[in-house]
Trainee: 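Pasting in a structure now, in structure tokens, and then I'll have a few things to ask.
First listed ligand is number 1; within each ligand, the first listed atom is number 1. In this chain, residues are counted from 1 in sequence order.
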Amino acid sequence: MYAPEYPIRTERLLLRPYAPGDVDALHAYHRLPDVVRYLSTGPRSRADVQAIVAERAVARVLTAEGQALCLVAELAASGEVVGDCVLFWRSREHQRGEIGYVFNPAHHGRGLATEAAGALLRLGFEGLGLHRVVARCDARNTASARVMERIGMRREAHFVRNEFLKGEWTDELIYAILRSEWAARQPPG
Ligand SMILES: CC(C)(COP(=O)(O)OP(=O)(O)OC[C@H]1O[C@@H](n2cnc3c(N)ncnc32)[C@H](O)[C@@H]1OP(=O)(O)O)[C@@H](O)C(=O)NCCC(=O)NCCS
């Protein structure tokens, strides 16, 4: 079993499990068409978000592959919820994981998603002992691809017309980083 110690701290964020009181803050951005533009879901109602919060609140430890750590990102300084992120445990045998993130547009352009994604890599490599972490996005989702590149992930694939999303065929990018590559980027000490 892997049970991280919460909250996980970064320079400006606290990453912690979902709580019932997060519904309004999460709904504030999950309801926006622009936020879900490149996600498989449509804009979410408050009831959708309520159900998600209930479901994800228990996703705080990993006991078997196929599970995920689902975390909310709040500003350490104020406690304001600014985004959410996830670390999937894809394979025990192959020590593979996957990360994802969604942030409130009111807090885009500050490097907060990059900070959270970096913390997810640390969690995956140091905490869970993964060998390889991937992330994927719609090829038009340049903001997401830039986050992956900033944390040192390598673009490994561009799948052409790979998914039928919201009425159209869409291209998908796959990014990845190995534990050795990640370790080489960490400051000494
Ligand atoms: C993907 C998403 C989280 C990226 O958000 P973002 O605000 O671009 O990412 P960050 O918070 O890391 O901010 C990075 C930007 O802030 C700038 N920035 C400012 N201060 C910074 C800092 N201290 N550190 C790093 N970047 C900083 C960067 O230059 C960058 O801008 P640029 O991309 O124009 O160069 C956001 O677009 C989103 O939530 N989209 C909707 C959901 C989604 O598509 N999720 C991904 C699914 S695959």
Trainee: With heavy atoms only and a cut-off of under 4.0 Å, state how Asn141 meets ligand 1: side chain, backbone, both or neither.
Mentor: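 The answer is the side chain of Asn141.
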
Trainee: Specify side chain, backbone, both or neither for Val147, according to which of its non-hydrogen atoms lie closer than 4.0 Å to ligand 1.
Mentor: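 Looking at Val147 and ligand 1, just side chain atoms fall under 4.0 Å.
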
Trainee: Distance under 4.0 Å to a non-hydrogen atom of Ala113: what atoms of ligand 1 satisfy this?
Mentor: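 In order of number, 3 (C), 9 (O), 10 (P), 11 (O), 12 (O).
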
Trainee: Given Glu172, Arg150, Glu149, Arg37, which has its nearest heavy atom closest to atom 14 (C) of ligand 1?
Mentor: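 It is Arg150 that holds the nearest heavy atom.
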
Trainee: Enumerate the atoms of ligand 1 whose separation from the nearest heavy atom of Arg136 is less than 4.0 angstrom.
Mentor: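 Ligand 1 atoms under the 4.0 Å threshold to Arg136: 48 (S).
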
Trainee: Output, in order, the C-alpha distance, side-chain angles, deciding distance and verdict of side chain to side chain contact (heavy atoms under 4.5 Å, CB included) for Arg31 and Val36.
Mentor: CA-CA 8 Å; Arg31 69 183 175 82; Val36 298; over 6 Å; no

Trainee: Quick one: look at Asp34 and ligand 1, take heavy-atom pairs under 4.0 Å, and tell me if it's side chain, backbone, both or neither.
Mentor: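 None of Asp34 does.
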
Trainee: Find all atoms of ligand 1 within a distance of less than 4.0 Å from any non-hydrogen atom belonging to Val102, and give their numbers and elements.
Mentor: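 The atoms of ligand 1 under 4.0 Å from a heavy atom of Val102 are 39 (O), 42 (C).
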
Trainee: Taking only heavy atoms of Arg12, which atoms of ligand 1 are found under 4.0 Å from at least one of them?
Mentor: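 What qualifies from ligand 1 is 23 (N).
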
Trainee: If you scan the protein for heavy atoms around atom 4 (C) of ligand 1, do you find one that is closer than 4.0 Å?
Mentor: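 Looking at atom 4 (C) of ligand 1, one finds that a protein heavy atom does lie closer than 4.0 Å.
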
Trainee: Counting only heavy atoms, tell me which of Met148, Arg146, His107 gets closest to atom 34 (O) of ligand 1.
Mentor: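 Result: the heavy atom closest to atom 34 (O) of ligand 1 is in Arg146.
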
Trainee: Looking just at side-chain N and O atoms, do Tyr18 and Glu55 make a donor-acceptor pair shorter than 3.5 Å?
Mentor: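 Glu55 and Tyr18 do not have a side-chain donor-acceptor pair below 3.5 Å.
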
Trainee: Mark up the atoms of ligand 1 that fall under 4.0 Å of a heavy atom belonging to Ala143, in ascending order.
Mentor: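 Contacts of ligand 1 toward Ala143, numbered from 1: 8 (O), 37 (O).
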
Trainee: State whether the shortest distance between N or O atoms of Tyr38 and N or O atoms of ligand 1 falls below 3.5 angstrom.
Mentor: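 Min N/O separation from ligand 1 is not below 3.5 Å for Tyr38.
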
Trainee: Do you know which two heavy atoms are closest between Asp84 and His30, and how far apart they sit?
Mentor: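 The answer is OD1-NE2, 2.9 Å.
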
Trainee: Could you report the tightest heavy-atom contact between Leu71 and Leu120, atom names first, then the distance?
Mentor: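 Smallest interatomic distance, heavy atoms only, reads CD1-CD2, 4.4 Å.
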
Trainee: Are Arg16 and Tyr6 linked by a side-chain donor-acceptor pair shorter than 3.5 Å?
Mentor: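 Arg16 vs Tyr6: no donor-acceptor pair found between side chains.
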
Trainee: Output the list of atoms in ligand 1 that are nearer than 4.0 Å to some heavy atom of Ser144, sorted by atom number.
Mentor: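 Numbered from 1, ligand 1 contributes 1 (C), 46 (C), 48 (S).
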
Trainee: Measuring from atom 25 (C) of ligand 1, which candidate in Ala117, Cys85, Gly111 has the nearest non-hydrogen atom?
Mentor: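 Minimum heavy-atom distance to atom 25 (C) of ligand 1 goes to Gly111.
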
Trainee: Assess whether atom CD of Glu5 is packed by more than 12 heavy atoms of other residues, nucleotides or ligands within 6.0 Å.
Mentor: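 No.
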
Trainee: Below 4.0 angstrom from a heavy atom of Leu112, which ligand 1 atoms are there? Numbered from 1 as shown, please.
Mentor: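 Reading through ligand 1 atom by atom, the close ones are 10 (P), 11 (O), 12 (O).
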
Trainee: With heavy atoms of Cys137 as the reference, note each atom of ligand 1 found under 4.0 Å away.
Mentor: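 Counting from 1, the qualifying ligand atoms are 48 (S).
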
Trainee: Among side-chain atoms of Glu163 and Thr170, is any donor-acceptor pair under 3.5 angstrom?
Mentor: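 There is no such pair (donor and acceptor under 3.5 Å, judged by atom type) between the side chains of Glu163 and Thr170.
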
Trainee: For the side chain of Asn162 and the backbone of Asp171, is there at least one donor-acceptor N/O pair under 3.5 Å apart?
Mentor: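 Between the backbone of Asp171 and the side chain of Asn162 there is no qualifying donor-acceptor contact (under 3.5 Å).
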
